[in-house]
Amino acid sequence: MLESSVFSAPTTMSKGYDHRTIEAKWQQYWDQHRTFRVTEDPGKPKFYCLDMFPYPSGSGLHVGHLEGYTATDIVTRYKRMRGFNVLHPMGWDAFGLPAEQYAVKTGIHPAMTTAENIATFKRQMKRVGLSYDWERELSTTDPQYYRWTQWIFLKLFDRGLAYVAEVPVNWCPALGTVLANEEIVDGKSEVGGFDVIRKPMRQWVLKITAYADRLLEDLKLVDWPPSTLEMQKNWIGRSIGAEVDFSLADRRGAIRVFTTRPDTLFGATYMVLAPEHPLVDVVASEEQKAAVQAYRETAMKKSDLQRQELDKEKTGVFTGGYAVNPVNHERLPIWIADYVLMSYGTGAIMAVPAHDERDWAFARQYHLTIREVIAGGNIKEAAFTDTDRGTVVNSATSDGSFSINGRTPSEAIPKITEWLEKQGKGIRAVNYKLRDWLFARQRYWGEPFPVLWVDGEARPLPEEQLPLVLPETGNFKPSGTGESPLANLDAWLTTIDPITGKPARRETNTMPQWAGSCWYYLRFIDPKNSTHLVDPIKERYWMPVDLYIGGSEHAVLHLLYARFWHKVLFDIGVTSTPEPFLKLVHQGIVLGEDNQKMSKSRGNVVNPDEMIDQFGADAVRLYEMFMGPLEAMKPWSTRGVEGVTRFLERVWRLMVDEQGRLSSVIVSTVPSLYQQRLLHHTIKKVTEDIEALRFNTAISQMMIFTNEMTKAHQRPRAVIEPFILLLSPFAPHVAEELWNLLGRQSSVSQQPWPIYDPAMTVSERMTIPVQVNGRLRAKLEVAIDTSPDEIERLARAEAAEWIQDKETKKVIYVDKKLINFVI
RNA sequence: GCGAGAGUGGCGGAACUGGCAGACGCGCGAGACUUAGGAUCUCGUGGGCAACCGUGGGGGUUCAAGUCCCCCCUCUCGCACCA
């Protein structure tokens, strides 16, 4: 605090540029003139530029947020000047855990905390000069917003995409509450450090798996970072294989397995069931029952975390039962082991230790047979899993009617799958890692489910009764039964079913924070519509989002959930595009000055308010963009902010004198050819760089322009004015002020973007590097139209010292680029 | 372990389809103006006295490699028994 007052001492007068006054002035101007308000205009091409809206936390905006917001703001301002009708909105993802936890501690209603935090965020954003259309501001906690979140839930319910299931939750007995994964650290509750166990509870689940294929396929339609596409693909985890039935040896029934390697079926030497598999009790023999039961119990007690810790050593128990391999009728011992997961495939596998790493390790551990059916590796050393190399062996039926021997595994797979299908022994099958989405939270501060429980059955509320408003309370403590705090509110809880008139109980769960963020981009299009989620005409005008910028921490969940809801809304005709977000970019993480992640405990957190106090919003914006490539992780440097501040002051002095008046060096004469070339080259570079989101190099070009023009004693308006327009998306306040000082009237943001003349971006002279054997020996300054012969002659003379009298074996001349003599 | 991305001066980073490595900024050095400078302006600034050497290391392709190919090392992010 004391330091900043030293810095903010009014030395600004000598600099001639007082960011405080100027920035406040233009922010007020934009507000009053509603400069950034936007409505549908069929006469203009549209551009929808979206930021991932923030959770308004108590600590306010940080410099990492600002990086993304500044980037979209530059694109937005640029696109407007290029004649686009730009939708650039901001809102609040305001339901969430921190406000609720704070309420439990202090008794202060989350709505209060949230409102205060939103006010802070909004004030900070306005200070940065972000050109949002604030008339479209929305909050997920507003009943007029979550009314439609609930409406979407009803649609999901109608279509059978929302259902209730018993699902394990993180239950903390000491706290008497369910915890979110984020609230658990090293298997203990974050608060208090108590034990957390897995406990099945009745939960709402959304059937995202029904959309798995489309979620995967449609990734082809979007322009996203490769890592994000990859993460989504992996999360969906589609794999193709076969399901095969293995009948039990001594009893009725069969074990169905899923395998991606049916080509190895003849190499199966045992089977494994997940410990929770329902057939375990059926197959277990009398002698093994006790051991099986004991193993089952320890496996169930293991949390996910413990399973991970023990991932090196595989464990399991023989059940005493046997199954029969359908292709060669061999008896295979059935084991249970927790390396087989109940939640994937059929919860059972055929084990082929010769060609699967996990089965190989398990077979080694328990001395089970390892039989090679793909030649090409050394199965004594490791499992051979290659499907492109290797030859199938020992894989024919005893009667010789079927064989895949001699083929490569990838050839054999379709062959045997087809045969299994014909024989009725198996079927081609596709499996996904993706699970249905656990959609309920045992929380107060979230959207209530529009559902009543009548005679043990879930009944949707009629649409007309939406929104189902979150009831008021002063008690945010968990109910203690595992239900949300809503279970304490009897007056709200018990009601009458409007259809049957029977007594009903309201659903006490609330929706997860993801719910509100799944569709907010649609509401921005038509935020005040009271009869529709979004007006179809407006939706068709604005969708899809053309540019979406936000952190990579949302690479999977938010982006997958939003795509899922979008597709459901597409199916019911609410949206007109298959995908919501066309182009996606993640801004990189901003590290502290010490190159470490910013954190309170390290004391390296940079506060944007302090930076703006000291250097002004324009400088902070510019620095955020100048740091480096948008997507890269990079450290903050306050020195760097000083650097761009100097740049802005140079721009200022380029046209303003000591008295704060337009400088006399600004003239109306025709610029020199050199100045025109400089300008056109700068327009080209800045334009192309903004389009490609390379803001750092755009700024460096503007610095070059400024440095060059500073040298000139006559600075023609014809080059200075377009330059101010180029600068305006980056440093809008200074740009407005300078535009005004130049005597121009309306807001700089409503001026057309300068266009460059390609003929003006090339110089009439060029420099040709002269190489001898690839080494730079001289440089040649020649006119642009010098003939290659002439260049060679001049170059020979320049490089005579190195060529001497040696014969040149080869002369390579790259047109207008370089000449190289090979001797 | 698997997948994705990245390694360039003292620092942040430039370098389009292979064609002058280090743009621009920070820092540093020298000078100018100044009572003064943490202001401003000018000049310099990869290493080496030089020939030369330099883009994580080692090979290769090419007249020419930061850029292309092969092997290896390091870092970041994600997934993690997914049959």
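Chain A is the first sequence line, chain B the second, and so forth, proteins listed ahead of strands; every chain is numbered from 1.
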*Asks:* Is a donor-acceptor pair below 3.5 Å formed from side chain A:Lys817 to base B:C20, judging by atom type as modelled?
*Replies:*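 Flag unset: no donor-acceptor pair detected.
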*Asks:* Of A:Arg261 and A:Glu230, whose nearest nucleotide on RNA chain B comes first from the 5' end?
*Replies:*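 This one resolves to A:Glu230.
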*Asks:* Find the distance between CG (A:Leu678) and CD1 (A:Ile683) and round it off to the nearest 0.5 Å.
*Replies:*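 Reported value, rounded in 0.5 Å steps: 10.0 Å.
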*Asks:* Round to the nearest Å and state the distance from A:Glu642 atom CD to B:C28 atom P.
*Replies:*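 Going from A:Glu642 (CD) to B:C28 (P), I get 11 Å.
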*Asks:* From B:C81, B:A83, B:G12, pick the nucleotide closest to the side chain of A:Asp338?
*Replies:*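 The listed nucleotide nearest to A:Asp338's side chain is B:C81.
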*Asks:* Checking A:Thr319 now: which residues fulfil side-chain hydrogen bond (donor to acceptor under 3.5 Å, both in side chains) with it, not counting sequence neighbours?
*Replies:*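 For A:Thr319 there are no side-chain hydrogen bond (donor to acceptor under 3.5 Å, both in side chains) partners, ignoring immediate neighbours.
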*Asks:* Nearest to the side chain of A:Arg646, heavy atoms from C-beta on, is which of B:U40, B:G3, B:C63?
*Replies:*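 In terms of side-chain proximity for A:Arg646, the closest of B:U40, B:G3, B:C63 is B:U40.
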*Asks:* When you measure from the side chain of A:Lys314, which nucleotide among B:C79, B:G25, B:C81 comes out closest?
*Replies:*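 When the side chain of A:Lys314 is considered, B:C81 is the closest of B:C79, B:G25, B:C81.
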*Asks:* Could you state the atom-to-atom distance from CE of A:Met231 to P of B:G5 in whole Å?
*Replies:*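 It works out to 13 Å between those atoms.
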*Asks:* Can you figure out which of B:A14, B:A4, B:C53 approaches the side chain of A:Pro226 most closely?
*Replies:*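 Closest nucleotide among those given: B:A4.
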*Asks:* Evaluate the ring planes of A:Phe723 and A:Phe705, with Trp represented by its six-membered ring, and classify them as parallel (under 30°), tilted (30 to 60°) or perpendicular (over 60°).
*Replies:*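 Aromatic pair A:Phe723/A:Phe705 classed parallel.
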*Asks:* Looking only at side-chain atoms of A:Arg653, point me to the closest of B:U40, B:C63, B:A4.
*Replies:*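 Of B:U40, B:C63, B:A4, B:U40 is nearest to the side chain of A:Arg653.
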*Asks:* Could you tell me whether A:Lys779 contacts a base, only the sugar-phosphate backbone, or nothing, with contacts defined as non-hydrogen atoms closer than 4.0 Å?
*Replies:*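 Contact class for A:Lys779: base.
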*Asks:* Between B:U34 and B:G27, how far apart are the C1' atoms? Round to whole Å, please.
*Replies:*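 24 Å, rounded to whole Å.
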*Asks:* Reading RNA chain B from 5' onward, which residue's closest nucleotide shows up sooner: A:Ser552 or A:Ser227?
*Replies:*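 Mapping each residue to its closest nucleotide by heavy atoms, the 5'-most match is A:Ser227.
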*Asks:* A:Pro225 near the nucleic acid: base, sugar-phosphate alone, or nothing, with a heavy-atom cut-off under 4.0 Å?
*Replies:*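 The residue A:Pro225 makes no contact with any strand.
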*Asks:* Could you give the CG-to-P distance, from A:Leu818 to B:G18, as a whole number of Å?
*Replies:*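 My rounded result for the distance is 14 Å.
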*Asks:* Establish, from distance only, whether the side-chain atoms of A:Gln701 and A:Thr682 form a donor-acceptor pair under 3.5 Å.
*Replies:*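 A:Thr682 and A:Gln701 do have a side-chain donor-acceptor pair below 3.5 Å.
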